[in-house]
Amino acid sequence: MASAAERHRQLCAEITHHDHLYYVLDRPEISDRDYDRLFAALRALEAEHPELVSALSPTQRVGERPREGIEKAAHEVPMFSLDNTYSAAELSEFDRRVREGLGQDEGEPVTYVAEPKLDGASLEVLYREGRLFRGVTRGDGRVGEDVTENVRTIRGLPLGIADKRPLTLRGEVVIYRRDLERINKLRVEREEEPFANPRNAASGALRLLDSRQAAERGLRIFFYDVVERYHDSHDAALLALSELGLPTHGLQRRCAGLSEVVDFIEGFEDLRQTLPYETDGVVVKVDALGERDRLGSTSRFPRWAIAYKYEAERAATKVLGIEADVGRTGALTPVANLEPVALSGTTVSRASLHNIDYVADKDVRVGDTVLIEKAGEIIPQVVGVELELRPEGTRAWEPPRECPVCGSGVVRAEDEAALRCVNGRCPGRVKAGIFYFTRRGAMDVDRLGKALVEQLVDRGLLMDVGDIFALPGKREALLGLERMADKSVDRVIEAIERAREGRTLAQLLTGLGIAHVGAVAAGLIARRYGTLAALLERSSEALEEELSELHGIGPKMAASVAAFFADPEQRAVAQKLLELGVKAEQPLAKVVEGGALEGLSFCVTGVLSKPRDEIHADIEAAGGEVHKSVKKGTRYLVAGAKVGASKRTKAEKLCTEVIDEARLQELLGQ
Ligand code: IVH
């Protein structure tokens, strides 16, 4: 009789094996029932021998309670994105640049690897000492979000592997089409908005606070890159991953030169239709890692890879009507109501027509058959009219002369394609503005959806974004709304309280929708002033002057912010937010004068003793400047481990002194 520990090991291995067959190879060998039996046996054994439970056990994939929030995590090596191309001519231009970069002759082909471009959410996964250690979203490429708990729910991802060396893997998290259908069916039943595509469902799932919910999405991952250099070629690195039981798509092909790449692209166009997940193109990569180093990257893209994208799928359908939506700035966007049609996995019944000029140029009419496309957009667009199918008696669309929501006049500003409603209090505008405020990225009041905002505005419970924070005191009124029972009211109130307490000034400023101010600018302004009250205290002139001095804020933005805070209506809303206890605070940016590193600039690279972000913060706190890459004028290159020769050569050329981390500490006076 095997010992309990031995039996535990066997059961874990068996379940892991079947997870791989099911979730990676899509080729299960046992029935769901038999799988459930194995799992039940493991649970029973662990109940009897709790000492056997470890992070490596399949029973430990899903957490027991939601997390409080998501932490940021830096990527040691930035996660680049890829340059896109849609034509063979551009692809051949890429090949020419690669050969030129490598000094390769005309007749000498470069070895590429061509592989599917998976359409999901990119993720970095770290293994340490053979254990799944961390999962981080791509974020802005330098800093992402630590989503380890949800990554552990990906059943095709082994919790432990035989290779004990550090492994930093990059891949795409995807949701199979059939899983998306299942999820969307459930969402419709629960009166939640269905996901427009698997990509949204996947990236949303990674960020869920409750790993039990994430587990329900049935996420998968396929790796396409290894950061460490244990092999000479990409192809060998991918093969080694699959030998370790790590999920790869397995569809890559080594290609001798461009013609074989084109061949793969053509063949894959049919094959991709048969895959259970969405792909939107082919990624072409230089295979030899040494050659990649020689090619390097631009500030945004590697020079050794490119994405060839297939044309987006299109569908033809009939225009049933054209109406104009009112946005938060009062702009009217024409939208086509369509006969429902299936397109890339969803049913489409509305499509954007952008603006009135677009409708006029394409001459889109009610009754027309139009082509619609989802070119990576969530909202499909009308891309053309089938003129030969136009029925008799149609008439050109006439732009509205008055606002379809409030009946006020509309104007068209010079040099603008948009018509705007002139009424600042137009309910259509107010609704869109409030909805904008509640979005993720802004104040993130997740339970306040579009339909609810509409009802609240229609009943006079919301006139502006400030009123949101008075809603918790109006429970009775909330209970009187459609589809709002006790529980749903509780959830809305909880979401409002979370937003009242837990948002940053940057999020608040983003949500206010100040013209020309997006999330990045909002962050800079927030770090300069710290609180909404501080912004309100400044005179308009002072604000404009101070903002234009802020690095990253242009004159147009500065003027727009000053005008916003000079407007009595906006000031009243801001005051209301403060009175209702909206916290929205932000740590101030440190202004360091006379710091040890004042006047010195640094670029930090390689593997260091702590996350690069922290080192950047140390440098800035001491008055130093951080450069993203070595450029003319960069004083020091702080080189950690594993720094490629090309970086050093570049530093030498530009007279940048290469120092190690210890020397940096000395300069910092530590
Ligand atoms: S390689 C430096 N390979 O496409 C190159 N990316 O537009 C790193 N993607 O953010 C990317 N399939 O999320 C690579 N086979 C594949 C891919 C792939 C999908 C995504 C990835 C990346 C985006 C770039």
Side-chain angles (χ1 to χ4, degrees), residues 24 75-86 90-91 94 98 101 112-125 135-145 147 151 154 168-175 197-207 219-229 233-235 237-239 241-242 246-255 261 264-265 268 271-272 275-289 291-310 312 375-376 629 644:
V24 181
H75 299 289
E76 287 209 353
V77 176
M79 284 178 85
F80 276 111
S81 92
L82 291 170
D83 202 1
N84 286 329
T85 138
Y86 291 88
E90 283 170 6
L91 209 55
F94 164 76
V98 168
Y112 294 106
V113 169
E115 61 184 63
K117 183 167 194 307
L118 304 148
D119 196 8
S122 44
L123 186 77
E124 178 173 85
V125 175
V136 185
T137 61
R138 176 169 180 276
D140 62 6
R142 303 163 65 73
V143 179
E145 289 174 322
V147 291
V151 170
I154 305 177
T168 309
L169 308 175
R170 272 115 189 232
E172 199 82 352
V173 174
V174 298
I175 291 187
N197 54 46
R199 181 176 2 112
N200 290 359
S203 62
L206 284 175
R207 304 184 69 258
L219 298 176
R220 327 248 169 171
I221 186 167
F222 297 103
F223 291 116
Y224 52 65
D225 195 31
V226 185
V227 172
E228 287 80 9
R229 289 297 173 82
S233 75
H234 176 60
D235 195 42
L238 285 188
L239 281 179
L241 291 188
S242 59
L246 287 160
T248 57
H249 46 70
L251 295 169
Q252 73 274 16
R253 196 207 295 163
R254 284 185 81 202
C255 299
V261 169
F264 178 87
I265 290 176
F268 187 64
L271 180 65
R272 66 193 278 259
L275 296 175
Y277 48 84
E278 300 273 350
T279 56
D280 58 354
V282 169
V283 183
V284 182
K285 305 171 176 179
V286 169
D287 187 35
L289 303 186
E291 291 182 350
R292 287 189 184 182
D293 287 344
R294 279 163 53 204
L295 289 163
S297 26
T298 69
S299 59
R300 290 163 60 211
F301 307 124
R303 289 201 185 85
W304 45 262
I306 197 161
Y308 176 90
K309 294 251 215 140
Y310 292 111
S629 59

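For ligands, and for the atoms within them, numbers begin at 1 and follow the listed sequence.
Residue-level contacts of ligand 1 at the 4.0 Å heavy-atom threshold are Phe80, Ser81, Leu82, Glu115, Pro116, Lys117, Leu118, Ser122, Arg138, Glu172, Tyr224, Val283, Lys285, Pro302, Trp304.
Distance check, rounded to the nearest 0.5 Å: CG of Leu82 to NZ of Lys309 gives 9.5 Å. Between His234 atom NE2 and Glu291 atom CD the span is 14.0 Å, to the nearest 0.5 Å. Here Leu289 contributes atom CG and Glu228 contributes atom CD; the two are 12.0 Å apart, rounded to the nearest 0.5 Å.
Ring orientation note: the planes of Tyr310 and Tyr308 are nearly perpendicular, at an angle over 60° on the 30°/60° scale.
Ion pairing between a basic and an acidic side chain is recognised when a charged N comes within 4.0 Å of a carboxylate O; Arg229 and Asp293 show such pairing. Using a cutoff of 4.0 Å between basic side-chain nitrogens and carboxylate oxygens, Glu115 and Lys285 are scored as salt-bridged.
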